[in-house]
Protein chains: 2
Amino acid sequence: MIERQERTKKQLLNAAIDLFEAVGFQKTRISDIVARAGVAQGTFYLYYRSKEEIFLDVIKEFTTLFASFLEDASDLFAGDSFDEVRRNVLDFNHRLIELYTANGKTARILFREGASQGGPFKSVFHGIYTQFIEIVRNRLEQNRATGHVTFEDAETEASFLIGLFDRSLFYFMDVKKHVDVEALSRRMTDFIMGGLSKHIPKSR
Amino acid sequence: MIERQERTKKQLLNAAIDLFEAVGFQKTRISDIVARAGVAQGTFYLYYRSKEEIFLDVIKEFTTLFASFLEDASDLFAGDSFDEVRRNVLDFNHRLIELYTANGKTARILFREGASQGGPFKSVFHGIYTQFIEIVRNRLEQNRATGHVTFEDAETEASFLIGLFDRSLFYFMDVKKHVDVEALSRRMTDFIMGGLSKHIPKSR
DNA sequence: ATGAAAAATGACTGACGCGTCATTCATATA
DNA sequence: TATATGAATGACGCGTCAGTCATTTTTCAT
């Protein structure tokens with residue numbers, strides 16, 4: 001019965017997601033996963049060889065989506081006018097926030113565990129992190145000539161941006177328990193385009 | 001001999017700092033700490049009751065310094081002119097970066113472990129994190145009337161700022177292995193005051 | 001020099017959690 | 001109803017590591 005296998009595997013995966021998110025990778029025991037999935041200890045090993053392996057399965061979907069999101073970001077900072085540049089930044093922010101919120105648990109698992117030192121996912125996290133920096137840096141440099149954005153060294157500004165995205169999203173998801181996608185993407189855009197200055201026109 | 005005790009305790013503490021920073025709290029075993037400190041297993045328990053206890057000792061100095069730094073930040077965003085506001089922001093950034101770099105290892109330990117889910121320090125981290133947000137939010141609101149900074153809701157902008165500080169500092173400390181305090185504080189200030197816009201005058 | 005107090009030692013213990021495997025159970029097919 | 005298949009079970013073995021404690025070493029006052 002192939003459907004039974006699929007059901008069991010999904011139960012294990014969902015249990016792992018819940019537990020990794022709630023108590024973290026390190027503290028989650030295989031015995032916790034199987035207990036929550038409602039299967040026996042041995043059953044786990046019919047589907048995964050280790051905790052590391054189920055972790056990689058947990059984050060696989062999100063990392064794939066994230067990678068293709070980055071590949072889609074060719075318009076970031078592009079535009080013939082300040083307004084067009086801003087619209088593209090807004091669009092980027094909006095899609096990024098939607099991606100995060102639509103995958104809240106796995107996004108949190110990946111970024112939380114990736115930042116810390118213990119896990120087996122250090123390299124996975126590092127990979128997508130540097131990919132992000134690289135894309136932002138690249139888009140900044142590509143569009144420097146338009147004169148609508150200015151910066152000294154794109155890598156530094158890219159690190160500012162990723163920090164801004166990352167921490168503020170988790171602040172709203174973790175502390176506020178709710179993200180208003182429209183409002184947050186608009187205000188991120190305003191901040192990126194003009195900082196705290198009142199001299200730059202705001203969106204809308 | 002009181003000095004011998006002090007020396008032993010310092011050896012344990014330094015070993016713990018090195019190991020927490022290099023491999024993380026979870027992966028560090030007490031046996032590793034005592035091996036690196038050059039003392040026996042039992043000696044550890046003469047000074048600390050658990051790994052949690054030595055961790056709290058490791059981060060104590062930095063958290064104390066951080067708390068008093070925040071209490072000193074009364075000038076943040078204050079000023080009668082755009083330039084004065086900017087100078088105060090620059091000063092804040094400069095001091096913050098110096099604090100981080102002067103306490104590189106413990107700062108990294110605290111922020112890395114604090115963000116992840118496993119540790120016993122979740123509450124310590126959460127405490128200083130919310131304190132930071134609160135100070136920035138408060139300073140923004142206090143100085144809204146000057147008209148030199150503008151924002152919708154100070155808490156959101158505060159979360160942008162802490163993200164910007166946090167991730168970019170660790171990017172330079174971890175990836176670049178070096179932080180140019182002058183340059184980074186100046187560019188952070190530029191970004192905070194004017195984003196990527198070319199319309200806002202830059203520092204210096 | 002001496003011995004009592006303090007400090008350090010490291011072998012030992014027990015708990016815990018991963019992964020295995022001999023066995024049971026459910027379902028499909030004859 | 002009987003048989004075959006393979007999914008699921010859960011007790012157990014084994015390694016790891018935190019924490020203990022009887023013993024040894026060091027310190028220092030007399």
Side-chain angles (χ1 to χ4, degrees), chain A residues 1-59 109 112-113 116-122 124, chain B residues 1-60 109 113 116-122 124:
Chain A
M1 239 293 92
I2 192 90
E3 278 161 34
R4 181 137 96 111
Q5 278 189 69
E6 277 174 10
R7 210 188 66 225
T8 303
K9 189 165 187 175
K10 191 153 285 179
Q11 281 168 0
L12 285 168
L13 197 65
N14 288 334
I17 290 174
D18 290 347
L19 289 165
F20 288 157
E21 204 255 341
V23 299
F25 177 83
Q26 295 272 4
K27 274 193 173 173
T28 299
R29 285 160 297 158
I30 306 236
S31 55
D32 295 331
I33 297 175
V34 295
R36 179 171 253 265
V39 301
Q41 181 90 354
T43 308
F44 178 89
Y45 294 93
L46 298 174
Y47 296 91
Y48 299 102
R49 266 173 304 178
S50 64
K51 204 164 59 153
E52 275 78 6
E53 201 167 288
I54 199 173
F55 179 86
L56 291 177
D57 204 16
V58 162
I59 61 169
I109 290 167
R112 216 187 249 148
E113 303 290 347
S116 84
Q117 193 63 278
F121 20 62
K122 196 87 199 291
V124 179
Chain B
M1 237 291 93
I2 192 90
E3 279 161 32
R4 182 135 98 111
Q5 279 189 71
E6 276 174 12
R7 210 188 65 225
T8 304
K9 189 164 187 175
K10 192 154 285 178
Q11 281 167 0
L12 286 168
L13 197 65
N14 288 334
I17 289 174
D18 290 347
L19 289 165
F20 288 159
E21 203 255 342
V23 300
F25 178 83
Q26 295 274 4
K27 274 193 172 174
T28 299
R29 285 159 296 159
I30 308 258
S31 54
D32 296 331
I33 297 176
V34 295
R36 178 171 255 265
V39 301
Q41 183 90 354
T43 308
F44 178 90
Y45 294 93
L46 298 174
Y47 295 92
Y48 298 102
R49 266 173 305 178
S50 65
K51 203 163 59 152
E52 276 77 7
E53 202 167 289
I54 199 173
F55 179 86
L56 292 177
D57 204 17
V58 162
I59 61 170
K60 198 172 69 186
I109 291 167
E113 303 290 347
S116 84
Q117 193 62 278
F121 20 62
K122 196 86 199 291
V124 179

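In what follows, chains are A, B, ... by sequence order, proteins preceding strands, each numbered from 1.
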Inset, instruction - Drop me the distance from A:Arg29's CZ to A:Gln41's CD, to the nearest 0.5 angstrom. - result: 10.0 Å
Inset, instruction - Enter the distance from B:Ile33:CD1 to B:Ile54:CD1 here, rounded to the nearest 0.5 Å. - result: 5.0 Å
Legend entry - Separation of atom CD1 in B:Ile54 from atom C1' in D:dG19, rounded to whole Å: 15 Å
Inset, instruction - Return the value, rounded to whole Å, for the distance between atom CG of B:Leu46 and atom C1' of D:dT26. - result: 14 Å
Inset, instruction - Could you run through nucleotides 10-18 of chain D and give me one letter per nucleotide, 5' to 3': B if any protein heavy atom sits under 4.0 Å from the base, S if only the sugar-phosphate is that close, - if neither? - result: B------SB
Legend entry - Those residues that, when tested against B:Glu53, pass side chain to side chain donor-acceptor pair (under 3.5 Å) (two or more places apart): B:Arg49
Inset, instruction - Please list, chain by chain and in numerical order, all residues satisfying side chain to side chain donor-acceptor pair (under 3.5 Å) with B:Tyr47, sequence neighbours excluded. - result: none
Legend entry - Non-neighbouring partners of A:Lys10 that pass salt bridge (Lys or Arg N to Asp or Glu O under 4.0 Å), sequence neighbours left out: none
Inset, instruction - Could you identify which residues of residues 9-19 of chain A place a heavy atom less than 4.0 Å from some atom of DNA chain C, listed by residue number, or say none? - result: none
Inset, instruction - Using only side-chain N and O atoms of A:Thr8, determine if any of them is under 4.0 Å from OP1 or OP2 of D:dA8. - result: yes
Legend entry - Pairs involving residues 33-46 of chain A, ordered by first then second residue, that meet salt bridge (charged side-chain N to carboxylate O under 4.0 Å, His left out) (sequence neighbours left out): A:Asp18-A:Arg36
Inset, instruction - Name the nucleic acid region contacted by A:Tyr48, choosing base, sugar-phosphate or nothing; use a 4.0 angstrom heavy-atom cut-off, strictly under. - result: nothing
Inset, instruction - Indicate the ring-plane relationship of B:Phe25 and B:Phe20, choosing parallel, tilted or perpendicular according to the 30° and 60° boundaries. - result: tilted
Inset, instruction - Evaluate the side-chain proximity of A:Tyr48 to A:Leu13: yes if any heavy-atom separation is below 4.5 Å, no if none is. - result: yes
